[in-house]
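What follows is a set of notes on a single structure, which appears directly below.
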Amino acid sequence: MDYSKTNVAVLALQGAFLEHQQMLETLGVRSRLIRNGQDWQDFVAQSREGMASGLVIPGGESTAMMRIIRDLGLYEPIKEAIRGGMAVLGTCAGLIMLDDKHLGTMDIKVRRNAYGRQLGSFNAVHEVKGIGRFPMTFIRAPYIESVGDGVEVLSVLDNHIVAARQGKQLACAFHPELTADTRFHETFLSLCATD
Ligand code: GLN
């Protein structure tokens with residue numbers, strides 16, 4: 001795929017953002033790290049010029065990430081951009097950020113730190129709709145407890161929803177950026193490209 005017209009931002013306030021940037025780089029996509037309001041404004045200004053655009057919200061600590069986006073005045077602009085149709089990929093804490101208690105752009109209810117202490121971190125290989133068997137790394141992961149009508153469930157592991165899509169919003173409880181498998185990011189990039 002030619003991603004030269006795809007403009008991707010990676011929220012880089014906290015957490016595992018560099019790994020996302022590296023994975024995008026592997027796919028030939030140069031992304032922009034968002035560290036403050038100015039970075040976001042520059043990104044949005046460039047997105048208006050006929051570029052397909054998307055935002056990655058990485059894993060990390062959702063409580064901290066939420067506080068920082070509020071402090072930087074990024075909460076409303078990010079929410080509006082997603083509501084306005086910007087593609088978004090939320091992984092782990094990034095998934096939590098999209099739920100009803102945080103940005104509220106996805107119609108999902110999420111349980112944080114859902115696997116308890118003993119299963120704090122684990123790996124699995126499991127089916128993702130539209131992709132196939134996919135390596136999944138979970139780190140103090142959430143899962144999705146319930147979804148609304150407009151949400152397509154993409155993967156269910158041990159009776160828990162671990163990946164879902166709502167329009168151009170793609171979310172997973174695991175960390176595709178920590179594997180060598182680029183297919184989840186390619187799915188996100190295809191959402192960036194569609195109107
Ligand atoms: N436990 C974190 C949270 O609740 C998420 C963990 C992760 O992103 N790896 O925000």
Side-chain angles (χ1 to χ4, degrees), residues 7-21 23-24 31-37 39-41 43-44 47 53-115 120-121 136-148 150-155 160-178 184-185 187-189 191-192:
N7 189 26
V8 176
V10 180
L11 199 61
L13 307 174
Q14 198 269 334
F17 52 85
L18 281 178
E19 291 83 351
H20 278 289
Q21 190 174 47
M23 178 144 276
L24 291 163
S31 58
R32 174 195 295 268
L33 296 180
I34 305 295
R35 297 183 189 277
N36 51 48
D39 291 342
W40 177 258
Q41 279 166 26
F43 166 64
V44 171
S47 298
S53 56
L55 171 68
V56 177
I57 308 183
E61 185 54 49
S62 53
T63 315
M65 219 182 283
M66 188 68 180
R67 181 169 36 78
I68 302 170
I69 64 166
R70 279 201 193 279
D71 288 353
L72 293 174
L74 282 170
Y75 179 85
E76 287 297 333
I78 289 176
K79 184 171 172 151
E80 285 313 308
I82 299 170
R83 285 245 163 97
M86 180 181 283
V88 64
L89 169 63
T91 60
C92 201
L95 172 152
I96 298 169
M97 294 294 289
L98 298 171
D99 81 359
D100 58 332
K101 295 203 193 85
H102 296 81
L103 286 162
T105 54
M106 265 186 106
D107 192 4
I108 54 174
K109 293 207 182 304
V110 172
R111 179 188 290 257
R112 290 183 61 201
N113 300 321
Y115 293 92
S121 300
M136 300 175 176
T137 298
F138 294 85
I139 304 169
R140 300 204 314 112
Y143 59 66
I144 300 174
E145 286 182 313
S146 64
V147 302
V151 181
E152 183 184 14
V153 172
L154 299 179
S155 186
H160 301 311
I161 302 168
V162 294
R165 182 178 78 91
Q166 180 175 356
K168 296 201 313 174
Q169 302 182 70
L170 181 64
C172 61
F174 48 90
H175 286 266
E177 78 285 6
L178 299 183
F184 211 84
H185 286 74
T187 303
F188 162 64
L189 291 170
L191 293 175
C192 296

Open item on the list: Within the structure provided, determine whether V56 and F17 are in side-chain contact (heavy-atom separation under 4.5 Å).
Closed with: no

Open item on the list: Between I144 and V151, is there a side-chain heavy-atom distance shorter than 4.5 Å?
Closed with: no

[atom1]/[X] to [atom2]/[Y] distance, rounded to the nearest 0.5 angstrom?
X	Y	atom1	atom2	answer
L11	L55	CG	CG	6.0 Å
H185	C192	NE2	SG	10.5 Å
L13	I34	CG	CD1	9.0 Å
Q169	E152	CD	CD	13.5 Å
S47	W40	OG	CH2	7.5 Å
R70	L72	CZ	CG	12.5 Å

Task: Check: N113 main-chain N/O paired with R111 side-chain donor or acceptor under 3.5 Å - done: no

Task: Donor-acceptor under 3.5 Å (Q166 side chain, D107 main chain) - done: yes

Task: Donor on one side chain, acceptor on other, T63 and R112, under 3.5 Å - done: yes

- [ ] Identify, with sequence neighbours excluded, every residue that meets salt bridge (Lys or Arg N to Asp or Glu O under 4.0 Å) alongside R32.
- [x] none

Non-hydrogen atoms of [X] and [Y] that approach each other most closely:
X	Y	result
N36	D39	OD1-N, 2.9 Å
F43	V8	CE1-C, 4.0 Å
V162	Y115	CG1-OH, 3.5 Å

- [ ] State plainly whether the residues E61 and R67 are in salt-bridge range, i.e. N to O under 4.0 Å.
- [x] no

TODO: Mind running side-chain contact (heavy atoms from CB on, under 4.5 Å) on F174 and T137 for me, showing each step along the way?
DONE: CA-CA 5 Å; F174 48 90; T137 298; 5.5 Å; no

Task: side-chain contact (heavy atoms from CB on, under 4.5 Å) between M136 and F184, worked out - done: CA-CA 11 Å; M136 300 175 176; F184 211 84; over 6 Å; no

List the atom pairs, donor and acceptor, that lie under 3.5 Å between side-chain atoms in residues 78-103 and the rest of the protein, sequence neighbours left out.
| unit_1 | atom_1 | unit_2 | atom_2 | d |
| --- | --- | --- | --- | --- |
| K79 | NZ | L103 | O | 3.2 |
| R83 | NH2 | G104 | O | 3.4 |
| T91 | OG1 | H20 | NE2 | 3.1 |
| T91 | OG1 | G59 | N | 3.4 |
| D99 | OD1 | K101 | N | 2.8 |
| D99 | OD1 | H102 | N | 3.0 |
| D99 | OD1 | H102 | ND1 | 2.8 |
| D100 | OD2 | K109 | NZ | 2.8 |
| H102 | ND1 | I96 | O | 3.2 |

